[in-house]
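The structure appears right after this line, and notes come after that.
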Amino acid sequence: MRDISVLEISGGRAPAHVAIIMDGNGRWAKRKGLPRIMGHRAGAERLREIVEASVRNGIEYLTVFAFSTENWRRSKSEVEGLMNLFRIYSRSEANSLNSNGIRVRFIGDRSELEPRVYEAMAKLESATENNSKLCLTVAINYGGRDDIARAAKRLARAAADGEIDPDLVNEGYFAAMFDTGFLPDPDLVVRTSGEMRISNFLIWQSAYAEFAFVDTLWPDFTAERFETVLESYSRRDRRFGAAAS
Ligand code: FPP
């Protein structure tokens with residue numbers, strides 16, 4: 001790992017929370033004449049590099065979109081391949097994540113995952129729970145609308161059981177019920193592969209996020225490329241609805 005980060009060199013400010021839509025694995029594989037799952041494997045390797053770069057650049061929270069509520073529509077073999085990847089990486093990465101002080105958490109609806117997949121995820125979460133250098137949140141079977149609907153259900157249930165006063169529900173109270181209740185809102189949302197849409201990722205949470213859409217396919221998204229995105233973020237003027245100074 002290098003000692004001096006790109007943001008320190010440029011004098012800019014690092015985003016506390018970066019969220020990434022890791023897109024383009026399939027196209028990357030196709031261009032190389034490989035099966036799609038090889039693109040996902042290459043993508044998982046790239047994620048390791050981006051996690052390390054995040055630590056180096058002082059990012060506190062990194063959230064990545066690994067499987068959406070809509071991704072079940074892919075072929076059975078691709079879905080199975082991805083699930084195997086999540087399970088295998090959850091097991092194989094624990095030591096390295098621990099030695100780098102990285103805590104892993106998962107968001108998304110686990111109730112639809114195979115037991116052996118969510119058990120491996122739960123194990124990794126507890127194995128890394130005391131780490132505090134970076135919180136890596138992996139979204140699996142996650143959809144922004146589903147997150148909001150499940151939060152509404154929790155609130156409705158609590159109100160019906162007399163546990164909460166509906167008059168107390170406001171934005172903050174509602175947001176605390178999301179899967180992301182433990183996270184601050186993302187400062188920067190990055191999407192690779194040239195697509196310019198949010199695809200049901202952190203739709204509520206990214207209300208005031210900055211967006212970076214980059215053409216690079218995810219398996220080619222190097223730490224250097226990531227650092228150019230961070231550098232460009234550090235020059236943006238974020239006003240959160242206020243007038244320019
Ligand atoms: C989108 O590319 C990518 C995904 C749906 C899967 C992302 C998963 C990884 C990068 C692996 C992460 C691994 C772990 C262990 C968390 P796409 O398949 O939609 O690409 P395409 O648009 O080119 O077809």
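This chain uses plain numbering: 1 for the first residue, then up along the sequence. Indexing begins at 1, ligand by ligand and atom by atom, following the structure's order. Because only heavy atoms are used, hydrogens play no part in the values below, and waters and symmetry mates are left out as well, while side chains stay in. Small disclaimer: the values here were computed from a predicted structure and weren't measured.
When all heavy atoms are compared, the tightest approach of Glu78 to Arg36 is OE1-NE, 2.7 Å. Shortest non-hydrogen contact noted between Asp23 and Ser193 is OD2-OG, 3.0 Å. Between Leu202 and Tyr142 the shortest heavy-atom distance is CD2-OH, 3.7 Å.
Near His40, with a cut-off below 4.0 Å to any heavy atom, the atoms of ligand 1 are 4 (C), 6 (C), 11 (C), 18 (O). Atoms of ligand 1 lying under 4.0 Å from any heavy atom of Tyr89, numbered from 1 in the order shown and given with element: 15 (C). Interface atoms of ligand 1 facing Met22, defined by a heavy-atom separation under 4.0 Å, are 1 (C), 2 (O), 3 (C), 9 (C), 10 (C). Interface atoms of ligand 1 facing Asn71, defined by a heavy-atom separation under 4.0 Å, are 5 (C). Listed by number with element, the atoms of ligand 1 under 4.0 angstrom from any heavy atom of Gly26 are 17 (P), 18 (O), 20 (O), 21 (P), 23 (O), 24 (O). Atoms of ligand 1 found under 4.0 Å from any heavy atom of Ala44 (numbered from 1 in listed order, with element): 13 (C).
Between Arg48 and Glu45 there is a salt bridge, with a side-chain nitrogen of the basic residue lying less than 4.0 Å from a carboxylate oxygen of the acidic one. Residues Glu70 and Arg73 are not paired through a salt bridge, judged by the lack of any N-O separation under 4.0 Å between the basic side chain and the carboxylate. The residues Glu125 and Arg105 are annotated as not salt-bridged, no charged nitrogen and carboxylate oxygen being separated by less than 4.0 angstrom.
The option from Gly81, Pro219, Ala66 that lies nearest to atom 6 (C) of ligand 1, judged by heavy atoms, is Ala66.
In this pair, Phe240 and Tyr208 present their aromatic rings tilted. The plane angle is within the 30 to 60° band.
Of the N or O atoms in Gly24, one or more lie within a sub-3.5 Å distance of an N or O in ligand 1. When only interatomic distances are considered, the shortest N/O to N/O separation between Asn25 and ligand 1 falls below 3.5 Å.
Heavy-atom neighbours of Arg157 CZ from other residues, nucleotides or ligands within 6.0 Å: at or below the threshold of 12.
Here Leu217 has no heavy atoms under 4.0 Å from ligand 1, in either its backbone or its side chain. Counting heavy atoms under 4.0 Å from ligand 1, residue Arg36 touches it through the side chain alone. Contact annotation for Arg74 and ligand 1: only side-chain heavy atoms (C-beta onward) come within less than 4.0 Å of the ligand.
Annotation: atom 14 (C) of ligand 1 to nearest protein heavy atom, Phe86 CD2, 3.9 Å. Of the protein's non-hydrogen atoms, Arg27 NH2, 2.9 Å is the one closest to atom 22 (O) of ligand 1.
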Item to check | From CA spacing to verdict: side-chain contact (heavy atoms from CB on, under 4.5 Å), Arg154, Arg150 | outcome: CA-CA 6 Å; Arg154 283 182 206 122; Arg150 285 186 289 109; 3.3 Å; yes

